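Working notes for the structure below.
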Amino acid sequence: MCHLYDLLSESTQKPATCAQAFFVIQPRRVMKKSIKIGLGVVATLILAALLFLNWPLFPRSVPKAENEQPVDVVMVGAGAMSATLATYLQELQPDWKMEVFERLDGVALESTYGWNNAGTGHSGFAELNYTPQLPDGSVETKRAIGIAEQFEVTRQFWAHQVGRGHLQAPETFVNATPHMSFVWGEDNISFLKKRQEALIQNPLFYGMEYSEDQEKIKQWAPLMIEGRDPAQKIAATYMPLGTDVNHGVWTQQLMASLQKTANFKLHLQSEVTALRQNADKTWNVTVADLANAGQEKTIKAKFVFVGAGGAALKMLQASGIPESKNYAGFPVGGQFLAIENPELTKRHDVKAYGIASTGSPPMSVPHLDARQLDGQPVMLFGPFALATTKFLKYGSWWDLFSSVNHDNLMGMLRVGIHNLDLVQYLLQQAELTDDDRQQVLQEYFPHAKREDWRLVTAGQRVQIIKRDPEKGAVLQFGTEIVGSQDGSIAALLGASPGASTAPHIMLNLLKKSFPEQMASTEWKNHIQKIVPSYGKKINDDAGYTNEIRRMTSSALKLPYLDVPPTVGKQTDTPAVKPEAAPAAPQNPTQLNKEMQAL
């Protein structure tokens with residue numbers, strides 16, 4: 001007897017047989033079992049997510065510091081930023097002991113390496129995303145002027161190091177390369193004309209030409225005009241004072257010079273694996289010797305600078321400082337088309353920047369660049385974005401995932417939702433074929449052939465995702481110094497303009513991390529020998545612009561233009577004069593009178 005009436009007491013209809021009862025009861029049992037399994041899976045996923053977002057739960061044990069007396073400065077990463085900071089400190093405080101730890105087997109092999117970036121001496125001359133058009137139709141020039149000021153600091157820093165013998169012949173790392181902006185379409189042409197008219201009111205941009213004449217533009221960049229429809233409306237600006245820079249070379253030269261001093265040590269194949277702050281505000285820096293099976297040691301330091309490129313975010317998180325909770329990172333790789341045919345490279349000697357397509361992010365701005373790499377002229381066109389989860393070119397596919405935690409997850413999701421144009425752009429770039437890239441190249445180089453170029457993968461950039469008190473998490477373009485409240489650790493996050501403005505960025509880091517020393521007369525005097533314009537705005541005075549540029553142009557063998565005194569805003573504030581400023585160079589680098597008459 002099945003006792004069907006007991007088993008199905010809630011049923012309104014009574015099955016006639018045991019078989020019928022079985023088929024009624026069985027689905028309920030299966031459903032209950034499925035619900036239990038589903039809840040178990042959900043609970044497991046929630047637990048796994050919590051563990052993932054809060055990992056590690058406990059700090060792992062690390063070796064005890066081997067030095068009782070802490071070194072003054074430890075730097076993570078042997079790129080442009082660490083080389084610049086170490087060079088400043090070596091001159092400002094030569095008795096300080098400094099140690100640099102680099103995970104690769106050489107200096108400047110990541111983003112600083114010549115083939116891993118565009119090599120533009122960023123001065124705001126050609127980069128159209130630095131000058132947005134405002135709702136009223138005017139052009140905002142503030143950021144472009146700021147970038148130009150910052151690159152003038154770089155020129156002074158380099159000129160000083162050349163004078164000290166810490167940098168070798170300038171032509172090994174910086175070369176005169178005019179900067180162009182190139183657009184088509186009525187709206188873009190109108191914008192470019194207004195941009196040029198606004199910028200040339202400033203001494204730093206004096207000499208910038210504008211033209212809509214194809215024959216004139218052909219004189220500047222013949223490969224960009226030959227084969228183009230004569231009826232196409234185009235416009236371009238041309239700035240003769242632009243530069244091409246091999247950041248890897250000057251970084252390597254500075255590091256080589258630093259290694260000759262007694263208080264500086266460079267450790268290659270040494271990866272920083274842990275950062276722990278001590279009660280006395282010093283830091284224990286744990287380092288794995290990659291050349292010795294990853295054997296670890298710990299160094300105690302008074303100050304730590306994390307200049308590890310894309311990996312700086314993870315190092316900052318590893319430090320545990322509260323400031324690190326406000327940041328996340330979004331990695332984007334880059335690829336260029338490299339043209340090395342001498343018959344072509346000798347006919348293109350400019351850096352020509354276009355304008356990003358409507359709805360595309362700033363990083364998508366195409367440019368056709370004349371470069372000097374490995375002692376040979378090269379043309380690079382791009383960038384083409386590369387979707388990746390790596391924070392470094394020679395990093396791990398796990399980098400992005402390991403940087404996600406309970407502090408930044410929601411912010412990253414919010415940025416993704418509010419930047420769908422960037423997501424769409426990356427998806428489109430991932431689908432590009434060689435034929436697609438060839439088609440884009442021909443918009444700038446009409447006669448380009450497929451056999452003219454090869455695809456090269458450049459370095460990684462990690463865009464900052466920052467928690468804004470009013471807007472929430474936002475995606476930032478540019479660089480930012482993040483440091484602890486006590487000033488004992490600082491990191492540089494972000495990308496462009498990056499190495500081009502490293503001396504300016506590191507001066508800001510010194511102000512933030514060493515405020516007492518930077519306020520002292522001794523440090524101020526030293527810095528003004530390195531950067532004569534320190535504390536002043538060059539663009540405020542045409543005469544001072546001439547004085548500084550004349551000095552740096554002579555030292556770096558770069559072109560120079562005299563700015564008429566009527567250009568720009570004049571100021572009565574006395575400027576700091578460069579030490580022993582030479583007369584204007586009378587050689588081929590001095591532009592002729594016709595060019596000065598612009």
Side-chain angles (χ1 to χ4, degrees), residues 65-102 107 153 156-167 250-268 270 272 275 277-287 297-307 481 483-484 486-492 502-532 534-535 579:
E66 61 182 32
N67 56 323
E68 188 61 34
Q69 182 64 31
V71 298
D72 294 286
V73 179
V74 160
M75 301 180 193
V76 184
M81 298 300 170
S82 291
T84 302
L85 179 60
T87 301
Y88 272 131
L89 291 176
Q90 192 277 329
E91 188 163 354
L92 293 170
Q93 208 70 45
D95 58 324
W96 280 10
K97 296 184 182 300
M98 296 181 284
E99 298 194 29
V100 175
F101 295 95
E102 168 58 51
V107 172
V153 172
Q156 293 170 72
F157 177 85
W158 288 342
H160 180 76
Q161 302 310 325
V162 168
R164 295 178 72 204
H166 290 196
L167 286 176
W250 68 260
T251 298
Q252 291 165 354
Q253 291 179 5
L254 286 183
M255 282 291 188
S257 179
L258 286 163
Q259 287 180 270
K260 297 176 183 178
T261 62
N263 291 326
F264 180 87
K265 291 182 181 179
L266 172 64
H267 306 271
L268 299 177
S270 300
V272 174
L275 292 168
Q277 189 168 30
N278 301 309
D280 61 356
K281 303 301 182 182
T282 60
W283 286 89
N284 280 357
V285 183
T286 302
V287 184
K297 67 176 182 179
T298 299
I299 306 295
K300 184 183 291 187
K302 295 178 182 177
F303 175 77
V304 176
F305 169 64
V306 183
I481 298 168
S484 61
D486 60 17
S488 63
I489 187 171
L492 185 72
H504 167 81
I505 294 170
M506 290 300 100
L507 280 177
N508 285 339
L509 184 141
L510 289 171
K511 291 177 186 177
K512 189 168 186 175
S513 300
F514 303 99
E516 292 183 9
Q517 291 91 332
M518 286 294 283
S520 69
T521 302
E522 184 180 3
W523 273 37
K524 280 184 178 179
N525 290 340
H526 269 98
I527 290 173
Q528 287 178 342
K529 290 180 181 178
I530 303 170
V531 181
Y534 177 67
E579 187 175 26

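Just so you know, these numbers come straight off a predicted model, no measurement behind them. Every heavy atom of this structure was used, including side-chain atoms; hydrogens, water molecules and symmetry mates were not.
Across all non-hydrogen atoms, the minimal contact from Glu102 to Ala78 is OE1-N, 2.8 Å. In this structure, Tyr88 and Pro503 approach most closely via the heavy-atom pair OH-O, 3.1 Å. Considering all non-hydrogen atoms of both residues, Gln252 and Val107 come closest at NE2-O, 3.4 Å. Pairing each heavy atom of Trp523 with each of Gln517, the nearest pair is CB-O, 3.1 Å. Of all heavy-atom pairs spanning Lys512 and Ile481, the tightest one is NZ-O, 3.4 Å. Annotation for Ala490 and Ser513: closest pair CB-OG, 3.8 Å, computed over non-hydrogen atoms.
Between the CE atom of Met98 and the OG1 atom of Thr261 there is a distance of 6.0 Å, given to the nearest 0.5 Å. Rounded to the nearest 0.5 Å, atoms NE2 (His504) and CD (Gln156) are 12.5 Å apart. Rounding to the nearest 0.5 angstrom, the gap separating the CZ atom in Phe305 from the CG atom in Leu85 is 6.0 Å. Expressed to the nearest 0.5 Å, how far CD1 of Ile530 lies from OG1 of Thr87 amounts to 9.0 Å. Of the inter-residue distances, the one linking Leu89 atom CG with Trp96 atom CH2 reads 6.0 Å to the nearest 0.5 angstrom. Annotation: the span from Ile299 atom CD1 to Thr282 atom OG1 amounts to 12.5 Å, rounded to 0.5 Å.
Qualifying side-chain hydrogen bond (donor to acceptor under 3.5 Å, both in side chains) partners for Gln277, counting only residues two or more places apart in sequence or in other chains: Asp486, Ser488. Remark: Glu91 pairs with His160, Arg164 by the side-chain hydrogen bond (donor to acceptor under 3.5 Å, both in side chains) rule, at least two apart or across chains. Considering only residues two or more places apart in sequence or on other chains, Ala83 meets the side-chain contact (heavy atoms from CB on, under 4.5 Å) condition with Thr251, Leu254, Met255. Residues passing the side-chain hydrogen bond (donor to acceptor under 3.5 Å, both in side chains) test with Thr298 are Thr286, sequence neighbours excluded. Annotation: side-chain contact (heavy atoms from CB on, under 4.5 Å) contacts of Lys265 (sequence neighbours excluded): Glu99, His267.
Under 3.5 Å, the side chains of Asp95 and Asn263 contain no donor-acceptor pair of N or O atoms.
Residues Leu507 and Tyr534 have side chains in contact (heavy-atom distance under 4.5 Å, counting atoms from C-beta outward). Residues Val73 and Phe303 form a side-chain contact, since some pair of their non-hydrogen atoms from C-beta on lies under 4.5 Å apart.
For Ser270 (side chain) and Leu268 (main-chain N/O), a donor-acceptor pair under 3.5 Å exists by modelled atom type.
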**OP:** Let me see the working for Leu509 and Leu492 under side-chain contact (heavy atoms from CB on, under 4.5 Å), right down to the final yes or no.
**Re:** CA-CA 9 Å; Leu509 184 141; Leu492 185 72; 5.9 Å; no
Subject >> Full working for side-chain contact (heavy atoms from CB on, under 4.5 Å) between Trp283 and Val74 >> reply: CA-CA 9 Å; Trp283 286 89; Val74 160; over 6 Å; no
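Legend: side chain to side chain donor-acceptor pair (under 3.5 Å) pairs involving residues 66-85, not counting sequence neighbours, sorted by first then second residue: Asp72-Lys302.
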